[in-house]
Amino acid sequence: MKTGQILLQSDQINRENLIFCLEQQRQLAQLGCKKPIGEIFKHHRFISRHDINTAIKQSKGITAVDIPEWIEKKYKFLSNGVKSDILEIFSVTHLDGHRKTALQEDLKAAGIPVLDIKCEITDRTKLLKEFRVMSSIEKDSVIKNINLLESEPSNGQVLAAIIKGVFEDAVEKRASDIHIIRSSDILSCHISYRIDGIVRFKYQLTPQTVSSLMVRLKTESGMDISESKKPQDGRVSFTYKAAEMDMRFSCMPTHDGESMVIRVLNPDTVKSLKELYINFPEVPDQIQNITSFKVKTGGLMLITGATGSGKSTTMYGVLKDMDRYRHNILTVEDPVEHVLPGIKQTNINEHIGLTFANMLKYQVRHDPDVLVIGEMRDTETVEAALRAAESGHLVISTLHTIDISQGITRLVGMMPVSYRTSGMFVVANYLKAIINQKLVQKICSCSFCSTVKDIKSGIIEEPPHIMPETKGKRVTDHGEDDKQAESFGSVYRDIGALFVKTCISAAEELGIADTEPVRVPVGCMRCNYTGYYGRTVMPEAAFFPGDVRMRGALYAIFNQGNKEIDANAIINTEGVEYLSLKESAKKLIRAGYIDMMVAADVLTLNI
């Protein structure tokens with residue numbers, strides 16, 4: 001079966017996207033430019049590189065398998081997948097009989113039994129480019145190069161190697177931002193990563209090495225190296241594992257030095273709504289009903305949340321899932337974070353008067369179907385957005401608010417006084433959806449890293465996930481020995497009482513029986529013994545269908561003169577489809593994605 005058919009049958013692409021890509025492939029071939037269909041899918045961001053590779057393997061009868069990281073580290077190989085119960089791997093050396101047997105035993109213990117292993121020899125450079133554990137190899141070289149730079153501060157090759165190593169390490173560690181601080185105090189000179197919303201220390205520097213590093217980074221990103229008293233911005237791209245990474249720089253002075261933050265923009269982080277809301281399929285279904293219109297009717301969709309809650313990620317997910325070649329979609333952003341083929345994207349530039357509001361006035365003359373506003377910040381932008389929604393365009397935007405009620409209040413509060421009456425009418429009749437979201441810590445998905453307990457039982461009281469003996473030595477899922485695991489196990493036993501108390505109180509607030517089984521975090525090498533790895537979306541959503549009676553009720557609430565708008569009354573209006581944060585939390589707990597402690601913290605429950 002061909003790659004396109006596999007992707008279509010698995011609902012990873014739709015029929016329109018497949019027809020479009022096949023026609024483009026045919027016309028490119030006529031122009032003498034032959035392109036694999038997978039490359040065209042990837043260019044248009046219809047699907048991720050990983051899913052394309054999986055489909056290509058499937059078309060060849062190969063099933064992709066997720067090999068535990070500690071096994072790949074131990075035997076130094078990269079898996080290609082399983083075909084006819086034979087694991088195909090890439091390695092730099094042959095597997096002798098003893099190592100092959102040992103590998104099969106470890107794979108069986110990890111739940112991946114195979115009859116045989118087929119090893120293909122590849123060169124070390126090629127393997128490192130694809131090897132998932134590259135960051136652990138590169139980290140040592142980064143530290144060595146930092147030490148070398150101290151004695152050779154002007155060595156350009158060493159500086160380039162440090163930057164390359166840090167960038168690659170940050171991508172592998174899933175960092176959203178890289179923080180670099182220059183100070184006269186050596187204790188303040190370091191590099192940190194923001195991972196899963198938390199800033200984590202990575203590399204210690206000296207004032208001399210960080211100065212050399214910042215000069216090189218400023219040069220590469222197009223900033224003025226002689227300027228350290230004013231804020232500056234820059235950008236640079238680099239290729240990693242065949243993906244083009246975009247690094248967005250921001251530099252500003254501090255009281256005794258300089259701070260540089262680099263936003264890591266990975267194209268693979270642009271996910272579909274089904275991936276983002278995997279536990280809430282009703283949310284992408286409702287959004288698709290709004291965005292898959294056949295006739296222009298106008299409308300407003302708002303995505304709200306605090307800073308760092310993933311509003312932009314959700315907005316790009318909405319755009320990624322839309323039919324970008326049937327609708328004329330225009331955006332105005334500050335700045336454009338991800339380029340999506342088929343969409344006309346524009347950066348604002350306030351220095352030349354190119355603001356959100358001004359751009360909207362120009363964009364409505366370009367025959368748009370959908371207008372996307374990166375953020376509504378002022379009254380002028382709000383009025384322009386509502387006028388565009390009323391004139392038949394679907395308007396999608398974001399607001400910085402902590403919940404839906406605050407989002408409604410803020411939208412109304414930003415309406416110009418002269419436009420308030422008209423604005424209330426537009427919101428009551430054209431508001432399609434408000435989606436508020438929070439990003440919450442997710443329990444590590446490693447099969448050995450969590451346990452199911454009823455709430456009264458509390459946390460696990462044994463050392464974390466000891467596996468059967470291998471070669472006479474007991475190891476955990478990621479290669480730690482018993483002594484190391486036991487040291488962490490004692491920590492979990494110490495906090496057990498607090499955990500049980502919090503769980504029982506939170507369960508009462510959420511309406512979950514205290515005898516109901518739930519997952520609890522334990523900890524392993526992969527999650528740095530925190531029990532959490534990655535984040536997931538906890539949404540609050542309100543959808544407003546086109547029911548005439550409901551619209552009339554909404555207008556009655558909005559049209560109350562100078563009275564304060566009752567946002568809760570809007571959410572509870574008959575016909576409004578509402579998903580609360582508490583409902584989302586219960587669903588995530590029961591699905592095993594989050595634990596009671598996380599839910600209690602995010603919902604600020606009275607415990």
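Because only heavy atoms are used, hydrogens play no part in the values below, and waters and symmetry mates are left out as well, while side chains stay in. Nothing here was measured: the structure is a model prediction, and the numbers come from that model. When a residue number appears, it is its place in the shown sequence, counting from 1.
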To check you understand the geometry: which heavy-atom pair defines the closest contact between [X] and [Y], and what is its length?
X      : Y      : result
Leu579 : Pro539 : CD2-CG, 4.0 Å
Tyr532 : Met597 : OH-CB, 4.4 Å
Ala599 : Ile594 : CB-CD1, 4.2 Å
Met538 : Val602 : SD-CG1, 4.0 Å
Leu439 : Ser309 : CG-O, 3.3 Å
Leu399 : Gly407 : CD1-O, 3.8 Å

*So Ile112 and Ile67, side chain to side chain contact (heavy atoms under 4.5 Å, CB included) or not? Walk me through it.*
CA-CA 8 Å; Ile112 311 171; Ile67 306 293; 3.9 Å; yes
Between [atom1] on residue [X] and [atom2] on residue [Y], distance to nearest 0.5 Å:
X      : Y      : atom1 : atom2 : result
Ile435 : Glu540 : CD1   : CD    : 11.0 Å
Arg551 : Phe544 : CZ    : CZ    : 7.5 Å
Ile557 : Asp566 : CD1   : CG    : 7.0 Å
Ser192 : Arg200 : OG    : CZ    : 11.0 Å
Arg535 : Gln441 : CZ    : CD    : 8.5 Å
Lys202 : Ile178 : NZ    : CD1   : 11.0 Å

*Gln288, CD: over 12 other non-hydrogen atoms inside 6.0 angstrom*: no
_Over 12 foreign heavy atoms within 6.0 Å of CD1, Ile571_ = yes
*Quick one: do Phe167 and Met245 satisfy side chain to side chain contact (heavy atoms under 4.5 Å, CB included)? Show the steps, please.*
CA-CA 9 Å; Phe167 283 3; Met245 305 291 168; over 6 Å; no
Identify every side-chain donor-acceptor pair in residues 314-323 under 3.5 Å, counting partners at least two apart or on other chains, and give the distances.
| from | atom 1 | to | atom 2 | distance (Å) |
| --- | --- | --- | --- | --- |
| Thr314 | OG1 | Gly310 | O | 3.3 |
| Thr314 | OG1 | Gln437 | OE1 | 2.7 |
| Thr314 | OG1 | Gln437 | NE2 | 3.0 |
| Tyr316 | OH | Glu333 | OE1 | 2.3 |
| Tyr316 | OH | Glu337 | N | 3.1 |
| Tyr316 | OH | His338 | N | 3.3 |
| Lys320 | NZ | Arg45 | O | 3.1 |
| Lys320 | NZ | Phe46 | O | 3.4 |
| Asp321 | OD2 | Leu273 | N | 2.9 |
| Asp323 | OD1 | Tyr325 | N | 3.4 |
| Asp323 | OD1 | Arg326 | N | 3.3 |

*What's the verdict on side chain to side chain contact (heavy atoms under 4.5 Å, CB included) for Ile180 and Ile262, showing C-alpha distance, side-chain angles and the deciding distance?*
CA-CA 8 Å; Ile180 305 175; Ile262 306 169; 4.1 Å; yes
_Just to verify, what does Tyr593 make a ring pair (Phe, Tyr, Trp, His ring centres under 6.0 Å) with, not counting sequence neighbours?_
none
_Contacts of Phe293 that satisfy ring pair (Phe, Tyr, Trp, His ring centres under 6.0 Å) - sequence neighbours left out_ = His327
I'd like to check the side chain to side chain donor-acceptor pair (under 3.5 Å) partners of [X]; sequence neighbours left out, ordered by chain and number.
X      : result
Ser292 : none
Glu508 : none
Tyr193 : Asp169
Thr536 : none

Does the side chain of [Y] come within less than 4.5 Å of [X]'s, by heavy atoms?
X      : Y      : answer
Ile47  : Lys42  : no
Gln104 : Val114 : yes
Lys582 : Glu509 : yes
Ile290 : Leu394 : yes
Tyr578 : Ile404 : yes

*Taking the inter-plane angle between the rings of Tyr75 and Phe77 on a 0 to 90° scale, is it parallel (under 30°), tilted (30 to 60°) or perpendicular (over 60°)?*
tilted
Going by the rule salt bridge (charged side-chain N to carboxylate O under 4.0 Å, His left out), which residues pair with [X] if we only count those two or more places apart in sequence or in a different chain?
X      : value
Glu375 : Arg377
Asp403 : none
Asp116 : Lys100
Arg174 : Asp196

Any donor-acceptor N/O pair, [X] side chain to [Y] backbone, under 3.5 Å:
X      : Y      : value
Lys173 : Ile195 : no
Gln406 : Ile402 : yes
Ser397 : Leu302 : no

*Apply the test side chain to side chain donor-acceptor pair (under 3.5 Å) to residues Tyr240 and Asn266: give CA-CA distance (whole Å), side-chain angles for both, the deciding distance (0.1 Å), then the verdict.*
CA-CA 10 Å; Tyr240 181 59; Asn266 185 343; over 6 Å; no
*In terms of side-chain geometry, is the basic nitrogen of Arg549 or Glu574 positioned less than 4.0 Å from the acidic oxygen of its partner?*
no
_Steps toward side chain to side chain contact (heavy atoms under 4.5 Å, CB included) verdict (Thr313, Lys271)_ = CA-CA 8 Å; Thr313 301; Lys271 300 185 182 301; 5.7 Å; no
_Going by the rule side chain to side chain contact (heavy atoms under 4.5 Å, CB included), which residues pair with Pro545 if we only count those two or more places apart in sequence or in a different chain?_
Met550, Glu577
